[in-house]
Each structure stands twice: as structure tokens, then as C-alpha cells.
Number of protein chains: 2
Amino acid sequence: MPKTRTRTRQVSRLPREQRLSDIMKAGREIFSEKGFEAASMAEIADRAGIVEGTIYRIFKGKRELLEKVVAQWYEEVLADYDVQLAGVRGTWNRLRFMIWYHLQGIHDQPDLFALVAQQLRGRPDYEETEVYALARQYASHATDIIKEGIAAGEFRPDPPMQLVRDMIFGGTEHYAWRFLSGKGDLSVEETADQMANLVYGGLAQGGDAPAPGGLESVVQRLEAVAQKLEQ
Amino acid sequence: MPKTRTRTRQVSRLPREQRLSDIMKAGREIFSEKGFEAASMAEIADRAGIVEGTIYRIFKGKRELLEKVVAQWYEEVLADYDVQLAGVRGTWNRLRFMIWYHLQGIHDQPDLFALVAQQLRGRPDYEETEVYALARQYASHATDIIKEGIAAGEFRPDPPMQLVRDMIFGGTEHYAWRFLSGKGDLSVEETADQMANLVYGGLAQGGDAPAPGGLESVVQRLEAVAQKLEQ
DNA sequence: CGACCTGCTGAATATAATTTATTAAAGAGC
DNA sequence: GCTCTTTAATAAATTATATTCAGCAGGTCG
């Protein structure tokens with residue numbers, strides 16, 4: 001009688017798609033709540049209402065699950081961005097919107113952003129992953145707008161675009177880091193304004209030409225001359 | 001005779017300082033070579049000529065060892081920076097040097113940089129660590145120079161300094177990422193020039209007040225005036 | 001209705017970090 | 001020079017998870 005063994009286990013066999021999305025949902029939740037390392041496969045399985053081994057029928061391992069979770073989220077974000085940007089006109093406004101959108105994303109989903117930065121990017125095989133491809137697409141939002149600005153004649157024609165792009169994304173990320181690790185707040189609107197202005201300013205004039213004292217000394221010279229003239 | 005048991009184990013008892021530095025040296029090497037996760041305590045112990053358990057007599061665990069290794073390296077870098085910077089004059093030159101120095105550091109010690117970015121920063125207790133304090137000191141190199149530029153009247157008086165600082169460090173980090181993960185090259189000189197110019201340009205004029213064509217138009221006006229004067 | 005396929009389970013395995021009981025080097029006291 | 005004490009260092013045990021795998025049992029098709 002006390003033999004527990006006889007308890008006929010109740011097993012539900014779902015179509016692969018259903019199981020997959022159940023696991024992804026559980027994974028996204030647990031990874032968001034606890035981060036990658038602290039999330040255990042046991043807990044994810046539990047949340048998905050299955051047993052650990054089942055996850056491995058569908059995903060190669062913990063890391064692949066993370067990648068799929070993040071890729072799915074990236075796709076949602078990319079689709080939404082295109083819709084939103086369509087309604088914004090003018091180089092400065094579009095630049096500002098692009099930065100604002102990124103900051104807002106960090107603000108709303110800090111945990112997922114942290115996972116990308118800490119767990120995916122920087123792996124030796126990162127460039128072969130789906131997330132990398134999506135991240136490139138996402139990053140092209142910046143270079144697209146810079147190109148528009150050049151085409152419109154508002155920006156100088158030969159800026160180091162990759163570098164500007166990386167200063168935007170790297171800058172937001174660093175700036176938001178305290179917030180990303182759960183401390184302090186993040187002022188999305190103000191930061192978007194400031195950064196948009198810095199970037200716009202840096203691109204609008206000859207930011208690449210000043211040379212050691214180049215533009216600087218030119219301005220000083222000219223200012224001195226102007227003063228003399230206006231006496 | 002073949003009894004291996006009788007082999008009296010040869011144990012050397014070193015002063016704590018010596019053991020500590022042996023372990024730090026081995027840790028720095030192995031962490032640099034393989035990264036944090038792939039580095040095993042067994043291999044570190046081996047390289048240091050001791051057995052795993054001994055590491056725990058001196059360090060709380062793998063993570064604390066990493067922190068001490070990185071902190072030591074940071075201190076070396078901070079000391080060297082001060083010496084080097086002392087010989088550089090002028091805001092643009094100092095700004096360029098500061099960026100160059102950071103890029104050169106990434107270039108020379110990519111593995112240690114990657115460890116900071118991936119393993120230390122972003123931990124929940126990061127702000128309580130020694131490395132955090134050192135990183136703040138390091139980061140102040142940027143704000144120091146911005147303040148000098150303001151004092152010299154070259155920069156506008158109220159820039160968002162934290163944000164600029166984070167765009168410099170976050171930007172270099174993103175930009176160097178491919179190199180940091182062992183792929184591609186990193187042009188230190190060119191990148192330092194470009195970034196210094198972008199930042200100098202963004203701060204020199206009213207980068208916070210969009211003024212599309214701010215400094216540029218000022219220069220044009222002044223140049224026109226000068227020409228008139230020199231006629 | 002029965003045989004088969006394969007999703008699912010549950011327990012076993014593997015790998016590393018960490019802990020701990022034991023051993024022995026080095027210095028103090030006689 | 002000898003023993004005694006202290007504690008550094010060792011080697012084995014423990015722990016914690018991710019991952020694997022042999023077998024069980026829904027669901028389906030003949």
C-alpha cells in the first residue's frame with residue numbers, strides 16, 4: 001500500500017510548438033527574474049509544468065534557451081520600432097526618437113537588456129548567433145538616421161558612422177548601467193534630449209577636422225581679428 | 001617497495017604574502033587565457049604549484065580571486081596614466097590622449113578588459129567592490145578633462161558631463177568589442193582622433209542647444225569678417 | 001484491438017567549486 | 001638537539017547543477 005511507485009503518472013503530450021512556447025515563456029520569466037546563472041533548469045521546468053529532461057528535447061541546453069528567448073524579444077522590438085519611427089519627421093527628431101526608443105526599452109525591460117550585455121555579447125561564438133544578426137539590424141537604426149542626415153545636408157558627409165553608432169549605444173548602456181543593475185533611476189526624456197543634442201552637434205559641424213588645435217586655433221584667431229575689426 | 005603511500009609528500013610553507021602573489025599571478029594568467037568560467041580552480045592551483053584547497057585559505061573563492069587580480073591591474077594602470085598625462089598640454093591634446101590611453105589599454109590587455117565588462121560590472125554587489133571604486137577613479141579622467149576645457153573657456157559651461165563620459169567609455173567599449181572578443185583589429189590612433197574630434201566638437205559649441213550649424217556658421221561668419229578686414 | 005512511435009519522465013552521470021579532516025613544516029621552549 | 005604547538009597545505013569528501021539516458025505511456029494507424 002505505501003508503495004509510491006504505483007501512482008500512475010499523469011503525462012500530457014503536447015504538440016511541439018505548444019511545449020516550445022511554454023518553455024520559452026517560463027524561461028523568459030525566470031531569466032528576467034533571476035538572471036542567467038541564478039536561474040536553474042529545474043525551476044524553469046517547474047514553471048513550465050514539466051520535468052528538466054523535457055527542456056533538452058527541444059533546446060540543446062540552458063544557453064540555447066536563453067538565446068531563443070532573447071531573439072524572440074528582439075524581434076518584437078524591431079517590429080515595433082519600425083511602426084513607431086514611421087510617424088517621426090526631421091533628422092533631429094528622428095535621431096532623438098531613436099535614442100529615446102532605446103532608452104525606453106532599457107527602462108521597460110532592464111533585465112532582458114542586461115542578459116544580452118552580460119551573457120550573449122562577448123561569447124566567442126556571438127557573431128554566429130541569431131541574436132547577433134538581430135542586434136546588427138537594431139544598431140543599423142542609428143546609421144540609417146545618420147545617412148538620412150547626410151543626405152539632407154544637415155550632417156557633414158564623411159563622419160565615422162560606426163563610431164558614432166557605438167557611442168550612442170555604448171553611451172546609453174553605460175549611462176543606464178546603475179539602473180540596469182537595479183539601482184537608481186533613469187530619466188529617459190532628459191537623457192534622450194541631451195544625447196541627441198550632443199550627437200547632432202558633433203555631426204553637424206566639422207567634428208572630424210579640428211586637428212590638434214586646428215579649428216580651435218582658427219576660431220581664436222578669427223575671434224581676435226573680429227574684435228579688432230569691431231573696435 | 002612499490003608502496004606509493006610511503007612517499008613523504010614534500011610541502012613548502014611560504015609566507016602568506018608570497019603564496020598570495022603566486023596565486024594572483026597564476027590567476028591573472030589563467031583568467032586572461034581562458035576567461036572566468038573556463039578557468040578552473042584546479043588549473044590555477046596547478047600553475048601556482050599548489051593544490052586547490054590552498055587557494056581558499058587566502059581567497060574566499062573564485063570570484064574574490066578575480067576581483068583582486070583585476071583590482072591590482074587597475075592600480076597599475078591608474079598610476080601609469082597620471083605619469084603619462086602630466087606631459088600633455090592643451091585641452092584637445094589631453095582629451096585625445098585620455099581616449100588614446102584607454103584604447104591602447106584595450107588593445108594591449110583585451111582579456112582583462114573583457115573580464116571587467118563581463119564578470120564584474122553588472123553584478124548586484126558591484127558598487128561595493130574595490131574594482132568599482134577604482135573604475136570610478138579611472139572614469140574621472142574624462143570628467144577632469146571636460147572640467148579643464150570648461151575652465152579654459154573652450155567648452156560650453158554646462159554640458160551633461162556624466163553622459164559625455166559614458167559616451168566615451170561606452171563608445172570605445174562597443175567599438176572595440178569585436179577586437180575584445182578576439183576578432184578583427186583595432187586602429188588605436190585613428191579611432192582616438194575621430195572620437196576626440198567628435199567629443200571636442202560636441203562640447204565646444206552649443207551641443208545641448210541644437211543650433212543646426214552652430215559652430216560651423218559662427219566660423220563662416222568670422223571668416224567672412226576676417227576676409228573683409230584683411231582686404 | 002494491438003503494435004508502434006515518440007514525448008515525457010525520473011533517475012543517473014558529470015563537472016567544478018567549495019568544505020573539511022588530516023598531515024607535516026617551522027619555530028618556541030627547555 | 002629534542003619535543004610540542006601552531007597552522008599551512010593537502011587530499012579526499014561534499015554540494016550544486018547542468019546534462020544524459022533507459023524506459024514508460026499517450027496517441028495514432030493499420
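By convention in this document, chain letters (A, B, ...) are assigned in the order of the sequence lines, proteins followed by strands, and residues within each chain are numbered from 1. Please read all numbers here as calculations on a predicted model, not as lab measurements.
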Roughly how many Å is it from CD1 in I55(A) to C1' in dT17(D), rounded to a whole number? 13 Å
Quickly work out the E43(B) CD to dA17(C) P distance and round it to whole Å. 10 Å
What residues from residues 13-20 of chain A pass a heavy-atom cutoff of under 4.0 Å to DNA chain D? R13(A)
Results of salt bridge (charged side-chain N to carboxylate O under 4.0 Å, His left out) for R94(B) - residues two or more places apart only: E148(B)
Gap between atoms CD and C1', on E37(B) and dA16(C) respectively (whole Å): 12 Å
Distance col, row I99(B):CD1 vs D193(B):CG, nearest 0.5 angstrom, shows 9.5 Å
Grab the N/O contacts between the protein and nucleotides 18-20 of chain C below 3.5 Å, and write none if there aren't any.
unit_1: dT18(C); atom_1: OP2; unit_2: Y56(B); atom_2: OH; d: 2.8
unit_1: dT18(C); atom_1: OP2; unit_2: K62(B); atom_2: N; d: 3.0
unit_1: dT18(C); atom_1: O5'; unit_2: Y56(B); atom_2: OH; d: 3.4

Indicate, with a heavy-atom threshold strictly under 4.0 Å, whether A38(B) touches base, sugar-phosphate, or nothing. nothing
dG7(C), OP1 or OP2 - any side-chain N/O from T54(A) closer than 4.0 Å? no
Report yes if at least one side-chain N or O of S40(A) is closer than 4.0 Å to OP1 or OP2 of dT17(D); otherwise report no. no
Test: side chain to side chain donor-acceptor pair (under 3.5 Å). Region: residues 103-117 of chain A. Which pairs qualify, not counting sequence neighbours? Q104(A)-D108(A)
According to the side chain to side chain donor-acceptor pair (under 3.5 Å) rule, which pairs have a member within residues 54-73 of chain B, sequence neighbours left out? R63(B)-Q119(B)
With sequence neighbours left out, write down each residue that passes salt bridge (charged side-chain N to carboxylate O under 4.0 Å, His left out) with R178(B), or none if nothing qualifies. E127(A)
Give the rounded distance in Å between these two atoms: CZ of R57(A) and C1' of dC24(D). 13 Å
Return all side-chain donor-acceptor pairs below 3.5 angstrom for residues 160-172 of chain A, not counting sequence neighbours, or 'none' if the list is empty.
unit_1: Q162(A); atom_1: OE1; unit_2: R165(A); atom_2: NH1; d: 3.2
unit_1: T172(A); atom_1: OG1; unit_2: H102(A); atom_2: NE2; d: 3.4
unit_1: T172(A); atom_1: OG1; unit_2: I168(A); atom_2: O; d: 3.0
unit_1: T172(A); atom_1: OG1; unit_2: F169(A); atom_2: O; d: 2.9

Once you round it to whole Å, what is the distance between P of dA17(C) and CD1 of I30(B)? 12 Å
More 5' along DNA chain C: A42(B) or S12(B), using each one's nearest nucleotide? A42(B)
Set of residues satisfying side-chain hydrogen bond (donor to acceptor under 3.5 Å, both in side chains) with respect to K147(B), sequence neighbours excluded: none
With sequence neighbours left out, the residues meeting ring pair (Phe, Tyr, Trp, His ring centres under 6.0 Å) with Y175(A) are none
Separation of dA9(D) atom C1' from D46(B) atom CG, nearest Å, is 15 Å
When you look at NZ of K183(A), are more than 12 heavy atoms from neighbouring residues, nucleotides or ligands closer to it than 6.0 Å? yes
Between C1' of dT20(D) and CD of E64(A), the distance in whole Å: 16 Å
If you look at every strand shown and take non-hydrogen atoms under 4.0 Å, does A45(A) touch a base, only sugar-phosphate, or nothing? nothing
Starting at the 5' end of DNA chain C, what dot-bracket string do you get if Watson-Crick and G-U pairs under 3.5 Å are bracketed, crossing pairs use [ ], other-strand pairs use | and unpaired bases use dots? ||||||||||||||||||||||||||||||
Which residue pairs pass the ring pair (Phe, Tyr, Trp, His ring centres under 6.0 Å) test with at least one member in residues 24-46 of chain A, sequence neighbours excluded? F31(A)-F36(A)
According to ring pair (Phe, Tyr, Trp, His ring centres under 6.0 Å), who are the partners of W100(B), at least two apart in sequence or on a separate chain? F97(B)
